Amino acid sequence: MVWTGTWVSDRLGIELAGDDELRGLLGLALRRNPKRAHLLVSGVLGKHVPQLPSVVHGHGVTLGRRVRALLGPEEAARAVVLGYAETATALGHAVADGLETAPYLHSTRRPVASVPSAGGFEESHSHATSHLLLPEDPAFFDRGGEADRGPLVLVDDEFSTGNTVLNTLRDLHARHPRDHYVIVALVDMRAPGDAGRLAAFAEETSARVDVVAHARGTVRLPEDVLARGLRLVEEQDGGTAYPLVPCAPAVAPVRLELGWPAGLPDGGRHGFTPDHRARLREALPAMAARIVDGLGGPEQAGRVLVLGFEELMYAPLVLARALEEAGLDVRFSTTTRSPVLAVDDPGYAIRTRLAFPAHDDPADGPGERYAYNVAGGGFDTVLAVVDSAADTPALHAPGGLLAQLATAAPRVALAVVPAHTPVPRTPDRQEPPVLPAPLRGPDFSSYEPDDVGWLLQDLSAVRLEAPVEEREEAVQRGGAHYAESLPVEYQPTEEYQELYRDALAGSAARIARAVGTVTELVLAERSPRPVLVSLARAGTPVGVLMRRWARHRHGTELPHYAVSIVRGRGIDANALRWLAAHHDPADVVFVDGWTGKGAITRELADALAGFPGFDPEIAVLADPGSCVRTYGTREDFLIPSACLNSTVSGLISRTVLRDDLVGPHDYHGAKFYRELSGSDVSRDFVAAVEARFDEVADAVDQQVKEAASADRAPTWEGWAAVERISEEQGIHDVNLVKPGVGETTRVLLRRVPWKILARRGAGADLAHIRLLAEQRGVPVEERDDLPYTCVGLIHPRYTRGATGADGKAVGSA
C-alpha cells in the first residue's frame, strides 16, 4: 500500500522519523493556515478518515489501560480525565473507558452562559484557538478534596510542540494544583527541545509528569516549508478558499429515533461520570436495534458511515461500535472545522472534501465546515448523528450538511442526541433532588407508553373529589382554588355516549385535517425536531394525535410530554426544569386543544418569563378566540374529546395543586382512574382520527400553503367578546364566562352552569350541549351576535341555596 503521506513528502520534503508504527497511524495533508501548513492525519482517530469503530475505540481503551497500569488501582480510582476539543473528544472518552472508574470532561468551544468556566487555554496553531472548561460540577477538578487531588490525565490525538499541553497544565495547576499529571496521545511527535520544556514544568512545580503514547517520533520540516506549502495549496485549489461543492438541494433524510436515555449527557462537554458510562453501555444494544430496524436491516443498510458532528464524537462512535457488533458493515468519522486541501491521490490522506455552512449557531459566528473522505468512500448509507442544538434549519437547507451528504451516498439518515443542558451546582447551594422520570402507561394512563410521558405525580390513592356544588361555593367565596380538588367524574348516559359516537364519526376527518395542519406548521416554523409538551389534560389527546401525524406522514417519532398549568398559579416549574435538563428548550412546543378567551395563553406567557429559552406560543387544534398564530383551524366546532372527561384523555384526571400534596420539588398531581377502564375510549378516539390521515393529506398541504402567506397574527377577538358578554349579563367576572364549544362542555360537566348562549342555527355541533343542558336544567338562549358557536356561563352568585334539591341550576336571584 502507498503511504498516505507520500504526496506531501515528495513535494515539500516533510518526513516522519521514529517508531515503525508511525506510518501506519499517520498520513499527511495540507491546510490553509499561516501558522502551520501541514496536517498530521490520523487513520485511527475517526475524525478525517473513516475507520472501523472498534479500531477507533480500541486505540483509546488500550491507552486507558496503560494509564491504569501506570497509576495502579488506587491512584486510578482517584484520577480524572480531560480531553481536547474537537479532535480528541472521543479519544479522551475511550481513555476514560479504559481507566473504568474515572470521570471525564473535554474542553469545548461552545460557551454556556449559566456555567462558569473552570479554566481555559489556547491552542496556538489551531484555526479556532480558545478552549473552555465548563464542568457542570464545580468540584470536578478537586475529586478527592483540595488537599488530596488525584492524578489528572490529559488526552490529545498528537503532541507536536507540546504548547497546548503546557498551556493547559499551567492554567489548571494554578487553579487546582496536584502532584501527578499523565499526558496521553496516539502519537508523541515532539522535538527534543519541546520535551525539555515539559520536564522544566515538572521541576518547577515538583509534580510528576508522565507521557503515554502508542508511538513516538518527530516531523522533519524544511525551513521554507510554510511558504511553499501555502503556495502549493493555492495552486491546487486555484487560489480559492476551499469553495463549496455545487449547492445541493435540500433533502429529507430518514430520521431515526434513538431512544436516548433520559437525563444521560450527550458527551463530556460538561462532565461524564462512571454512572453515565454504565447507563450508556446498558442502552446501546436497544439503540442499535432501533437504528438497524430504521434502516431496513443490514442488507438494505449496506455499507454504512456513521458521521459524528465536530465535538460530538463519542456518542456517534459507540453507536457505530454497537452497529458493528450487530453485524453491520460500518465505518466512523466526523465533521470538522479544520479546512484541509483535498487531493484525489492514493498517496494523500484527504481524498475528497464536502463543505457546508455551520449549522449549530456557533459562538464565533458562521463559517464553513467539512466532511472528509465521505464522497468516494463507497457508502450506501450515511447516518449523520448530531445533537439537538445542531438540528437546525441550516442542517436541512439546500447546500447544508444533509444535502451535501446526499451527493455522496444514495441514502442519508439522521439521528439526534438530546443536547445536555447543564444545571450548574455551586458549593454553597445544595443540588435540588433529581426529578423522577415521566409517568407512562399502562401504570399511569391508558395511552401507549410512547404516546405521552406525564410529568405529574400520581395521586390516585388520595381522595380529592368533591361534589360540584361544594367546589363552586368554596371557589366563589375565595376559600379554595379550583385546582385544589377534583369534581366527581361525570358518568355519561347511554344517550350521551351515542351523541359522542355520532360526533366523532361526523368530525373525525375535520379533526384530522386540523391535526395535520397544526403539526405541519410546527415542523415548518417552530423546529424541525419539536418536543411536544401538551397542557394536561385537554391538550394531551391533541399532542398524541400530532405525534401520530408526524410518524404517519414523515416517519418521525416526536417526544411528547404532558405538564400541568393552573390559572392563577402558573405552570409546573419542576416539569420545566426536567424538560430543560433533557431537551433543548428552544425545541419545546406547548400544545393545547383549543383557545377560549385566551386566559391560558396569557398564563403561559407570564409563567415562562422566568424560564429563558422556552417559547410561550401555544400550538392549538382550534383557535376560535384568535389568541395564537399556530393553529389547525379558527372554526369553533365540536372536538369530540371535549365531550368527555378522563375517559377520552387516558383516564387521567385534571391536575391538582395543593400545598399539602405538592412540595417545592414535586410535580403537580393527578389521578389515574383505573376503575373507569370499561368506559375508556381514549385509544379509540385517537385511532378514529388517525384512520382519516391519508384522506385529508392533500387538504392539509393546501391549508399549510395558504397559512404560510396568511396574516395569522392574534386579534384577541375572543377576549373582547367575553368582556362584552360579562358586562351584558351582569356577571362582571370574565373567569365565569367560558366561550366556545369545548369550554361550554367543561362548564356543564365540571362547574355549576347558569345559562348557555348558543349561536342560532349551530346544529349538530351543539347536540351534546343541548342534551347536557337539559339534564342539568340549564336554559339555552339562542343568539345572532355570537363570535363563538356557544358560550357557557358559570353561576355568578352560587351557593347551595341557589339550586333545587336535585342540585340543578336555577335562575339567579
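Residues: numbered from 1 along the sequence shown. Since the model is a prediction, treat every value here as computed from it, not as a measurement.
Side-chain N/O atoms of T108 and R269 include a donor and acceptor closer than 3.5 Å. In this model, no donor atom of one side chain and acceptor atom of the other lie less than 3.5 Å apart for Y104 and H276. The closest side-chain donor-acceptor pair between H396 and D391 falls under 3.5 angstrom. Side-chain contact annotation: T89 with Y84, donor-acceptor N/O pair under 3.5 Å absent. Between the side chains of D157 and S42, no donor-acceptor pair is found at a separation under 3.5 Å.
At distances below 3.5 Å, not a single donor-acceptor pair connects side-chain atoms of R220 with backbone N or O atoms of E15. The closest donor-acceptor contact from the side chain of R68 to the backbone of E100 lies at 3.5 Å or more, if one exists at all. T62 places a side-chain N or O within donor-acceptor distance of the main-chain N or O of G58, the cut-off being under 3.5 Å. No donor-acceptor pair closer than 3.5 Å links the side chain of R353 to the backbone N or O of A375. Under the 3.5 Å distance criterion, the side-chain polar atoms of N167 are left unmatched by any main-chain donor or acceptor of L169. Between the D584 side chain and the A586 main chain, a donor and an acceptor come within less than 3.5 Å of each other. Checking side-chain atoms of W3 against main-chain N and O of G24 turns up no donor-acceptor pair under 3.5 Å. Of the possible polar contacts, none joining the D19 side chain to the L22 backbone as a donor-acceptor pair under 3.5 Å is found. Of the possible donor and acceptor atoms, none in the side chain of N373 sits under 3.5 Å from a partner among the backbone N and O of P50. A donor-acceptor pair is defined here as one N or O able to donate and one able to accept, closer than 3.5 Å; no such pair exists between the side chain of T381 and the backbone of R411.
Shown here for F379 and A409, the closest heavy-atom pair between the two residues is O-CB, 3.6 Å. Contact between A262 and R279 at its shortest, heavy atoms only, is O-NH2, 2.9 Å. Closest of all the heavy-atom pairs between V330 and L323 is CG1-C, 4.4 Å. Between P357 and G399, the shortest heavy-atom distance links the atoms CD-O, 3.4 Å. Pairing each heavy atom of G294 with each of V254, the nearest pair is O-CG1, 4.1 Å. Closest approach of G308 and P316 over heavy atoms only: CA-CG, 3.6 Å.
More than 12 non-hydrogen atoms from other residues, nucleotides or ligands lie less than 6.0 angstrom from CZ of R197. Counted within 6.0 Å of CG on D20, heavy atoms from surrounding residues, nucleotides or ligands total 12 or fewer; the atom is thus considered open. Few gaps surround CG on D345; more than 12 heavy atoms of other groups in view lie less than 6.0 Å from it.
Tested against S388, the residues V416, V417, V531 include a single side chain to side chain contact (heavy atoms under 4.5 Å, CB included) partner, V416. For the side-chain hydrogen bond (donor to acceptor under 3.5 Å, both in side chains) with T336, the qualifying choice from E310, E86, K47 is E86, the only one to do so. Each of L25, V155, L63 was evaluated against L186; a single residue qualifies, L63, per the side chain to side chain contact (heavy atoms under 4.5 Å, CB included) test.
In summary, D380 and R303 do not engage in a salt bridge, as defined by a charged side-chain N under 4.0 Å from a carboxylate O. With respect to the salt-bridge test (charged N to carboxylate O, under 4.0 angstrom), the residues D224 and R231 do not qualify. Salt-bridge annotation for R277 and D97: present, with a side-chain N of the basic residue lying under 4.0 Å from a carboxylate O of the acidic one. Residues E324 and R321 are paired through a salt bridge, judged by an N-O separation under 4.0 Å between the basic side chain and the carboxylate.
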Worksheet item: What do the steps show when you test V211 against D188 for side chain to side chain contact (heavy atoms under 4.5 Å, CB included), and what is the final call?
Response: CA-CA 8 Å; V211 177; D188 180 359; 3.7 Å; yes
Item to complete: Would you please test R31 and L341 for side chain to side chain contact (heavy atoms under 4.5 Å, CB included) and show each step?
Response: CA-CA 6 Å; R31 54 184 173 180; L341 174 70; over 6 Å; no
Item to complete: Could you walk me through whether Y314 and L280 pass side chain to side chain contact (heavy atoms under 4.5 Å, CB included), step by step?
Response: CA-CA 11 Å; Y314 182 68; L280 179 55; 3.8 Å; yes
Practice prompt. Starting from the C-alpha separation in whole Å, work towards a yes-or-no answer on side chain to side chain contact (heavy atoms under 4.5 Å, CB included) for L354 and L405.
Written response: CA-CA 8 Å; L354 296 177; L405 292 176; 4.0 Å; yes
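Two residues are said to be in side-chain contact when any heavy atoms from C-beta on lie closer than 4.5 Å; Y181 and V153 fail this criterion. Side-chain contact between D137 and H270 is absent, with no heavy-atom pair separated by less than 4.5 Å. Considering only heavy atoms from C-beta on, L30 stays 4.5 Å or farther from V340 through its side chain. A 4.5 Å side-chain heavy-atom check between R529 and R255 finds at least one atom pair inside the cut-off. At a threshold of 4.5 Å between non-hydrogen side-chain atoms, the residues T352 and Y372 do not count as touching. When side chains are defined from C-beta on, F356 does not count as touching E368, because their heavy atoms never get closer than 4.5 Å. A heavy-atom distance below 4.5 Å is found between the side chains of P530 and L523. Residues L154 and V184 are not in side-chain contact: their nearest non-hydrogen atoms beyond the backbone lie 4.5 Å or more apart.
How far CD of E158 is from CG of L40: 5.0 Å, rounded to the nearest 0.5 Å. Atom CE of M287 and atom CG of L256 lie 13.0 Å apart (nearest 0.5 Å). From W7, atom CH2 reaches atom CG of D344 across 12.0 Å, with rounding to the nearest 0.5 Å. To the nearest 0.5 Å, atoms CG (L39) and NE2 (H48) are separated by 5.5 Å. Rounding to the nearest 0.5 Å places CG of L134 at 9.5 Å from OG of S107. Atoms CD and OG1, on E311 and T334 in that order, are 10.5 Å from each other to the nearest 0.5 Å.
The ring of F272 has its center no closer than 6.0 angstrom to the ring center of H106.
Ring geometry, F309 versus H359: the interplanar angle falls from 30° to 60°, so the pair is classed tilted.
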